[in-house]
Amino acid sequence: MIAEADMEVCRELIRTGSYSFHAASRVLPARVRDPALALYAFCRVADDEVDEVGAPRDKAAAVLKLGDRLEDIYAGRPRNAPSDRAFAAVVEEFEMPRELPEALLEGFAWDAEGRWYHTLSDVQAYSARVAAAVGAMMCVLMRVRNPDALARACDLGLAMQMSNIARDVGEDARAGRLFLPTDWMVEEGIDPQAFLADPQPTKGIRRVTERLLNRADRLYWRAATGVRLLPFDCRPGIMAAGKIYAAIGAEVAKAKYDNITRRAHTTKGRKLWLVANSAMSATATSMLPLSPRVHAKPEPEVAHLVDAAAHRNLHPERSEVLISALMALKTRDRGLAMD
């Protein structure tokens with residue numbers, strides 16, 4: 001399905017660029033692991049190409065180019081690059097609904113706009129695009145289209161992104177970016193603009209971080225019920241991914257929610273222990289009754305992803321939502337060019 005030379009490039013991209021996913025992927029069966037690495041490699045390259053450019057105008061241009069690359073992939077003529085060729089093979093083999101990678105691209109467009117997120121729902125809408133969409137795509141790679149399984153996979157994606165946001169508050173602020181709910185900040189007496197100008201680990205920002213991680217923990221808890229709906233040999237890898245990312249939040253909490261002067265991380269040894277523990281946990285939970293929480297409705301912000309992934313409509317044309325997002329970027333790009 002995927003050329004071996006392209007697959008090796010994808011493996012190396014993940015080995016050096018996403019330690020947490022690389023650790024979790026080691027216990028996925030090969031039939032899922034290789035396409036998952038191809039998927040993550042495309043996402044990694046796309047994210048880096050947007051994130052590593054400096055000026056807002058350059059970010060907008062990078063997102064617009066990504067839109068063209070995705071267009072070419074779904075037209076069956078991927079760019080001559082290993083990650084694009086590999087992802088094109090995945091799209092064809094697994095009938096990947098186009099709405100899912102388009103949601104990811106829309107999240108990148110929001111990044112390029114420099115959006116702030118005023119409410120928890122806004123944060124979840126962003127997290128749906130940059131993380132829950134990947135969770136839904138992972139289900140597609142496991143050939144799972146059950147709406148309950150998809151909803152719980154999206155819960156996991158939301159939780160993982162919230163863990164990342166909580167870990168990176170200081171780093172993001174120093175880069176002029178803010179992903180915390182600004183209404184929570186205002187409730188704590190924090191002026192978001194002043195915080196970006198001088199990020200400090202105040203009691204207020206620690207409380208906002210704790211609140212976000214508590215929300216993530218509830219989503220991890222509900223997401224865990226969906227593991228039972230996955231193929232048996234896929235359960236340890238997905239459970240490991242959840243445990244590894246949840247451990248990031250635990251490290252932030254251990255530092256009394258100081259995510260400004262330090263960046264939480266988990267050691268290689270800790271990751272390996274969590275992977276081993278996940279294999280045992282997956283076996284143990286398979287013997288328990290299925291929790292009724294597995295049937296909980298998807299969060300409103302991910303409902304469109306669940307609906308898209310549950311069907312096999314490739315939608316060869318760009319969605320109206322993505323067209324609107326890209327047009328907004330083009331308009332903004334022209335404005336920047338005139339300044």
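The shown structure was predicted, so the numbers you read here are calculated from the model rather than taken from an experiment.
Between Ile238 and Met138, some side-chain heavy-atom pair lies under the 4.5 Å cut-off. Here the side chains of Tyr126 and Gln161 are in contact, with some heavy-atom distance below 4.5 Å. Using a 4.5 Å heavy-atom threshold, the side chains of Asp155 and Tyr220 count as separate. With a 4.5 Å cut-off on side-chain heavy atoms, Pro101 and Tyr74 count as touching. For the pair Ser163 and Met160, the minimum side-chain heavy-atom distance is 4.5 Å or more. At a threshold of 4.5 Å between non-hydrogen side-chain atoms, the residues Lys243 and Asn277 count as touching. Inter-residue side-chain proximity for Cys43 and Leu104 is flagged as met; some heavy-atom pair is nearer than 4.5 Å. Side-chain atoms of Met185 and Leu178, non-hydrogen and from C-beta on, do get closer than 4.5 Å to each other.
Minimum interatomic distance between Leu213 and Tyr257 (heavy atoms only, all atoms of both residues): CD1-CE2, 3.9 Å. Shortest non-hydrogen contact noted between Ser278 and Pro236 is CB-O, 3.5 Å. Nearest heavy atom pair, residue Thr261 against residue Pro201, reads CG2-CG, 4.0 Å. Heavy atoms only, all atoms of each residue included: Pro147 and Val306 are closest at O-CG1, 3.7 Å. The heavy-atom pair separating Leu100 from Ala308 by the smallest distance is CD2-CB, 4.3 Å. Taking both residues in full, the closest heavy atoms of Ile2 and Ala38 are given as CD1-CB, 3.8 Å, listed atom of the first, atom of the second, then distance.
Cluster membership check: Val130 shares its hydrophobic cluster with Leu39, using side-chain heavy-atom separations under 4.5 Å among Ile, Leu, Val, Met, Phe, Trp and Tyr. Placement of Met239 and Leu158 in two distinct hydrophobic clusters is found when ILVMFWY residues are connected by side-chain heavy-atom separations under 4.5 Å, directly or transitively. Hydrophobic clustering, with ILVMFWY side chains joined whenever heavy atoms are under 4.5 angstrom apart, keeps Val252 apart from Tyr245. One hydrophobic cluster, built from ILVMFWY side chains closer than 4.5 Å, cannot hold both Leu305 and Val294; they sit in different ones. Leu229 and Val140 end up in different hydrophobic clusters when Ile, Leu, Val, Met, Phe, Trp and Tyr side chains are linked at under 4.5 Å.
Side-chain polar atoms of Gln124 and Asp122 form no donor-acceptor pair below 3.5 angstrom. In this structure, a donor-acceptor pair under 3.5 Å is absent between the side chains of Asn259 and Arg206.
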Point to revise | Working for side-chain contact (heavy atoms from CB on, under 4.5 Å), residues Cys234 and Val227 | key: CA-CA 9 Å; Cys234 295; Val227 174; over 6 Å; no
Review point. Please walk me through it: do Asp68 and Arg79 pass salt bridge (charged side-chain N to carboxylate O under 4.0 Å, His left out)?
Key: CA-CA 9 Å; Asp68 292 338; Arg79 189 183 72 162; over 6 Å; no
**Study point:** Test log, rule salt bridge (charged side-chain N to carboxylate O under 4.0 Å, His left out), inputs Glu95 and Arg145
**Key:** CA-CA 11 Å; Glu95 299 181 7; Arg145 305 272 184 159; 5.0 Å; no
Practice item. Could you give me the CA-CA distance, side-chain angles and deciding distance for Phe179 and Val169, then say whether side-chain contact (heavy atoms from CB on, under 4.5 Å) is met? Key: CA-CA 8 Å; Phe179 297 97; Val169 169; over 6 Å; no
Practice item. Could you go through the salt bridge (charged side-chain N to carboxylate O under 4.0 Å, His left out) check for Arg207 and Glu210 one step at a time? Key: CA-CA 5 Å; Arg207 282 192 292 266; Glu210 181 180 12; over 6 Å; no
Exercise for review: Evaluate side-chain contact (heavy atoms from CB on, under 4.5 Å) for Leu274 paired with Lys271, printing each intermediate quantity in order.
Suggested key: CA-CA 5 Å; Leu274 290 170; Lys271 288 187 177 78; 5.6 Å; no
**Study point:** Derivation of the side-chain contact (heavy atoms from CB on, under 4.5 Å) call for Leu150 and Asp307
**Key:** CA-CA 9 Å; Leu150 290 163; Asp307 184 61; over 6 Å; no
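The local environment of CD in Glu187 is crowded, with over 12 non-hydrogen atoms from other residues, nucleotides or ligands closer than 6.0 Å. The environment of Trp221 atom CH2 is sparse: at most 12 non-hydrogen atoms of other residues, nucleotides or ligands sit within 6.0 angstrom.
Interatomic distance, CG of Leu66 versus CD of Glu102, reported as 12.5 Å (0.5 Å rounding). Note that the CZ atom of Arg98 and the CG atom of Leu105 stand 9.5 Å from one another [nearest 0.5 Å]. With values rounded to the nearest 0.5 angstrom, His295 atom NE2 is found 5.5 Å from Asp148 atom CG. The line from CZ of Arg167 to OG1 of Thr209 is 13.0 Å long, rounded to the nearest 0.5 Å. We find the CE-CD1 distance between Met162 and Ile248 to be 14.5 Å, quoted to the nearest 0.5 Å. The structure places CG of Leu156 at 9.5 Å from CG of Leu219, a figure rounded to the nearest 0.5 Å.
No donor-acceptor pair under 3.5 Å is formed between the side chain of Arg152 and the backbone N or O of Thr225. Counting only distance, with no hydrogens or angles, the side chain of Arg69 and the backbone of Lys65 share no donor-acceptor pair below 3.5 Å.
By the 4.0 Å N-to-carboxylate-O rule, Glu188 lies too far from Arg211 to be salt-bridged with it. Between Arg11 and Asp34 there is a salt bridge, since a side-chain N of the basic residue sits under 4.0 Å from a carboxylate O of the acidic one. The pair Arg77-Asp72 meets the salt-bridge criterion, with a side-chain N (NZ, NE, NH1 or NH2) lying under 4.0 Å from an Asp/Glu carboxylate O.
Ring geometry for Trp110 versus Tyr117: interplanar angle of 30 to 60°, hence tilted.
Note on residues 273-302: pairs passing salt bridge (charged side-chain N to carboxylate O under 4.0 Å, His left out), not counting sequence neighbours, are Arg215-Glu299, Arg222-Glu299. Listed by first and then second residue, the salt bridge (charged side-chain N to carboxylate O under 4.0 Å, His left out) pairs that reach into residues 171-183 are Asp51-Arg177, Glu171-Arg263, Asp172-Arg177, sequence neighbours excluded.
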